[in-house]
Amino acid sequence: MRFINVGLLMALLVVVSSCKEKDLYNPEANNEPAKVANTFDFSTIKNVKLTVDYSAFETYGPVFFSIYAENPIITEGDEEYLDESISPIFEDYTNADGRYNMLIQLPSFAKHLYVVTGHFLVNDHVIEVNVEDGAASAVASNPVASRKRSAVVTRSGEQTDDISTMPYLSFIVDEKGNNTGERIYKDWLTPLGTWDSESGRPSYILQPGEADDDLFFTSDEIAGLYSTVGQALSTNKACSSEYLDYPDLTLEKASEVSLTLLGGSTCWNCTLGYYYYKESEHPSGPADLNIIMLFPNTQDGLWANFKSNMDYNGNIALNRGDAVQLMYYPNIANNGDLSEATKIFPAGIKIGFILKTNGWGMQNDNNVIKGFGDGKRKYNVWGTSTPGASYCRPFGQPGKAPYQYPNPEGKSRSAKFSYISPEGDKYAIVSFEDACNDQDYDDVIFALKPVNAFTPLPMVEDKKSTTMGVYAFEDMWPNRGDYDLNDVIVDYKHEKLMSKQSGEKEYKIIKETFYLTTYQNYVELKSGLALKLNTPVTPSSVVMKKMAAGSTEVVDANYAVSDGVYYLTSDVKAELGTTYIIEVNYSKGQTSNSLASVQPFIYREEANDKTWEVHIPFEAPTAKMVFDYFGTKDDASIPEEGKYFVRDSDYPFAFFLYGADIDNFKNTILKRENESTKIDDIYPGFLLWSTSKGAENADWYLHPIAQ
């Protein structure tokens with residue numbers, strides 16, 4: 001009798017210590033049949049042969065594209081916006097010809113893809129494709145490739161320099177488009193010459209052979225400029241703050257100056273002017289600008305080509321590549337005195353630009369542009385390159401369309417950045433946002449000569465691409481767990497830094513960074529976190545860093561390393577919330593088909609420098625692993641057949657959830673009340689995914705029950 005009571009007591013002790021030894025059991029004592037390993041690897045990753053082709057467009061180099069598993073584009077009328085709360089599942093560059101053909105990894109749930117590019121020279125910004133038989137092909141079509149684009153406007157009017165038909169270049173209009181008489185800017189000056197009264201095409205466009213060759217860009221320079229614009233700007237996506245509110249262009253030496261239109265992506269017929277000033281005479285507001293007309297109508301038809309229903313009734317004034325020479329009037333600040341004009345700008349002069357939204361379209365003659373209706377005059381928007389000199393007055397409620405970004409401080413509405421040639425020459429590029437309804441700054445884009453004469457502008461940033469996932473581990477292996485899969489949670493991010501080296505045509509990866517941030521549910525066992533680093537291409541260096549929980553400071557780390565295994569921490573719970581960082585650098589760069597990878601796992605140290613480990617199913621352990629654990633208790637591994645960390649159950653000991661981030665789980669498996677709750681009680685699609693061996697419910701981890 002005493003023996004029986006002791007047995008009952010021991011059984012009770014096993015149950016109540018579930019946090020330390022969850023559901024310990026002995027299959028032999030229960031006379032259970034021999035275990036048969038589940039052949040499902042519980043993978044959430046699939047290989048896809050991806051083809052992307054933008055060669056129908058002249059892109060002047062590689063095109064950056066992103067892949068989404070759901071449509072990230074928000075459409076409001078003719079405006080399209082990228083919903084940046086939706087993360088891409090893959091990003092990369094095409095080759096220099098705009099083509100991409102590579103075997104990539106995507107989340108298994110990604111069956112219908114949205115291939116998105118913001119390149120302003122590409123028409124097909126969003127291409128929808130299905131993944132079929134392990135392949136997906138996105139080929140952009142060019143609706144105007146089969147027909148010749150009209151060089152400029154087809155209509156011809158009288159030559160004029162009369163701005164009286166464009167009174168709204170300087171005055172506020174009311175909601176009906178009527179002039180209120182409220183002046184914001186001085187009258188624009190027109191000393192450069194005349195323009196066509198119907199199209200707005202200037203007569204002073206520079207002609208090759210008639211003007212100094214130094215005022216024109218060569219074909220190689222044009223290609224470099226366009227390539228840089230394609231990297232710096234993305235249609236429907238906010239422009240980098242690095243390029244905004246930068247000081248106006250400043251000449252470091254006396255020079256002639258020309259401006260070349262690179263193009264634009266806008267439906268409006270805007271008006272572009274320039275002004276200049278000495279540092280000691282910096283404008284304090286809009287009324288201080290002495291504006292000289294450059295382009296009465298900036299429309300080059302690029303946007304019209306993208307929107308087949310909008311042809312501006314032939315009201316296209318410019319071709320991409322059109323150039324104008326700027327003139328310097330030393331006495332212009334004296335009530336617009338244009339005497340002593342010269343082509344040479346003195347050293348130290350700052351040159352600024354102003355864009356009047358739909359300035360050409362807001363003329364007195366309603367017939368200039370048909371089809372826009374009364375709303376064509378509604379814009380009280382002037383964007384300048386000088387902080388404090390822009391002007392935007394919204395109608396109605398602030399912040400509402402078309403003024404999602406009201407500008408009461410008059411901030412610059414231009415971006416400025418540099419193109420640097422393989423020879424090291426520096427070129428200035430300026431781009432404008434023509435309204436206050438988005439932040440992509442690609443509506444009017446131009447470049448300036450001379451080369452190496454302006455104070456340097458920001459360099460274009462290298463692109464970063466990030467994929468993500470979450471690792472989940474049970475810490476009781478080889479014992480049966482409670483199937484909550486939340487004992488150690490690791491938020492994983494893999495970042496690629498892509499750069500085009502000097503003289504090269506294509507982008508390469510110069511750095512890969514792996515971020516692993518720890519989360520753990522309410523358990524008492526002590527587990528460590530480690531990873532095996534796999535590098536198909538030998539890196540120039542591997543740098544170890546970390547960031548403490550709640551901190552933004554990244555510091556150097558010194559992880560123990562053995563046979564390519566990095567032991568990040570021996571106690572996850574003691575450093576909970578820490579981000580462990582591994583940087584893999586390549587001095588010569590490498591291609592996307594030779595990416596590094598990591599294999600995170602949890603471990604505990606044992607005698608004789610050995611370890612207990614848990615990896616995702618079928619992943620081999622390290623050389624330090626105690627192999628005696630395999631095949632015991634709830635484990636069905638067969639190491640000699642390369643089968644590790646498997647069981648005969650529909651629940652794994654660990655898995656990697658590709659395409660998810662930790663926010664997917666903060667209100668589910670990481671909640672205290674869900675400790676010891678089976679994963680399928682929280683995610684009802686889990687068991688069908690598991691029992692169908694991944695054929696069904698591949699996105700189960702994105703769809704929890706209501707919490």
Side-chain angles (χ1 to χ4, degrees), residues 153 155 157-204 266-275 283 285-299 312-313 315 317-318 329 332 335-338 352-384 386 389-396 402-403 407 410 413 432 434-436 443-444:
V153 66
R155 25 175 165 168
E158 301 294 330
Q159 288 294 307
T160 182
D161 62 358
D162 183 7
I163 63 167
S164 64
T165 61
M166 293 189 289
Y168 314 116
L169 292 180
S170 302
F171 289 88
I172 290 288
V173 298
D174 61 23
E175 293 190 48
K176 295 183 179 180
N178 298 317
N179 192 341
T180 65
E182 182 181 353
R183 177 183 289 276
I184 301 299
Y185 294 88
K186 298 176 183 177
D187 283 339
W188 293 37
L189 304 173
T190 62
L192 296 185
T194 61
W195 54 85
D196 184 276
S197 61
E198 293 290 330
S199 69
R201 181 171 178 80
S203 62
Y204 44 88
T266 179
C267 63
W268 299 115
N269 296 65
C270 299
T271 302
L272 181 70
Y274 76 101
Y275 51 90
D288 292 338
L289 305 184
N290 298 292
I291 305 168
I292 299 169
M293 176 72 75
L294 271 173
F295 295 131
N297 180 8
T298 60
Q299 185 54 247
Y312 304 101
N313 293 293
N315 207 228
L318 303 175
Y329 304 93
I332 196 170
N335 295 318
D337 183 352
L338 300 174
F353 301 92
I354 181 170
L355 189 75
K356 175 63 176 78
T357 299
N358 203 31
W360 183 254
M362 292 173 66
Q363 296 191 62
N364 283 332
D365 182 1
N366 285 328
N367 294 321
V368 171
I369 300 180
K370 299 176 182 178
F372 284 102
D374 292 339
K376 71 184 180 67
R377 292 183 180 173
K378 65 185 176 182
Y379 281 101
N380 285 317
V381 178
W382 291 261
T384 68
T386 307
S390 299
Y391 190 88
C392 172
R393 176 181 290 183
F395 294 126
Y403 299 100
N407 189 14
R413 291 294 283 169
F432 267 90
D434 69 357
C436 292
D443 292 326
V444 177

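Bear in mind that the values here come from a model prediction, so they are computed numbers and not experimental data.
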Of the non-hydrogen atoms in [X] and [Y], which two are nearest, and what is the gap between them?
| X | Y | answer |
| --- | --- | --- |
| Ser203 | Gly193 | OG-C, 4.4 Å |
| Leu192 | Tyr329 | CD2-OH, 3.9 Å |
| Lys186 | Ala287 | CE-O, 3.1 Å |
| Leu189 | Pro191 | C-CD, 3.3 Å |
| Cys392 | Val381 | SG-CG2, 4.1 Å |
| Thr194 | Gln159 | OG1-OE1, 2.7 Å |

Would you call [X] and [Y] a side-chain contact if the rule is heavy atoms closer than 4.5 Å?
| X | Y | result |
| --- | --- | --- |
| Leu294 | Phe353 | yes |
| Met166 | Lys356 | no |
| Ile354 | Tyr185 | yes |
| Val173 | Pro167 | no |
| Trp188 | Ile291 | yes |
| Thr266 | Gln299 | yes |

So how far is it from [X] [atom1] to [Y] [atom2], rounded to the nearest 0.5 Å?
| X | Y | atom1 | atom2 | result |
| --- | --- | --- | --- | --- |
| Met293 | Thr271 | CE | OG1 | 5.5 Å |
| Tyr168 | Thr180 | OH | OG1 | 10.0 Å |
| Trp360 | Thr165 | CH2 | OG1 | 6.0 Å |
| Glu198 | Arg201 | CD | CZ | 15.5 Å |
| Phe171 | Glu182 | CZ | CD | 10.0 Å |
| Leu338 | Ile292 | CG | CD1 | 7.0 Å |

[X] side-chain N/O to [Y] backbone N/O, donor-acceptor pair under 3.5 Å:
| X | Y | value |
| --- | --- | --- |
| Thr160 | Ser197 | no |
| Asn358 | Cys270 | no |
| Ser390 | Thr384 | yes |
| Tyr204 | Trp195 | no |
| Gln363 | Ile163 | no |

Problem set entry | Aromatic ring pairing Trp382/Tyr391, orientation class (parallel under 30°, perpendicular over 60°, tilted between) | perpendicular

Seminar exercise, completed: Exactly one candidate in Asp288, Asn290, Thr386 meets side-chain hydrogen bond (donor to acceptor under 3.5 Å, both in side chains) with Tyr275; the answer is Thr386

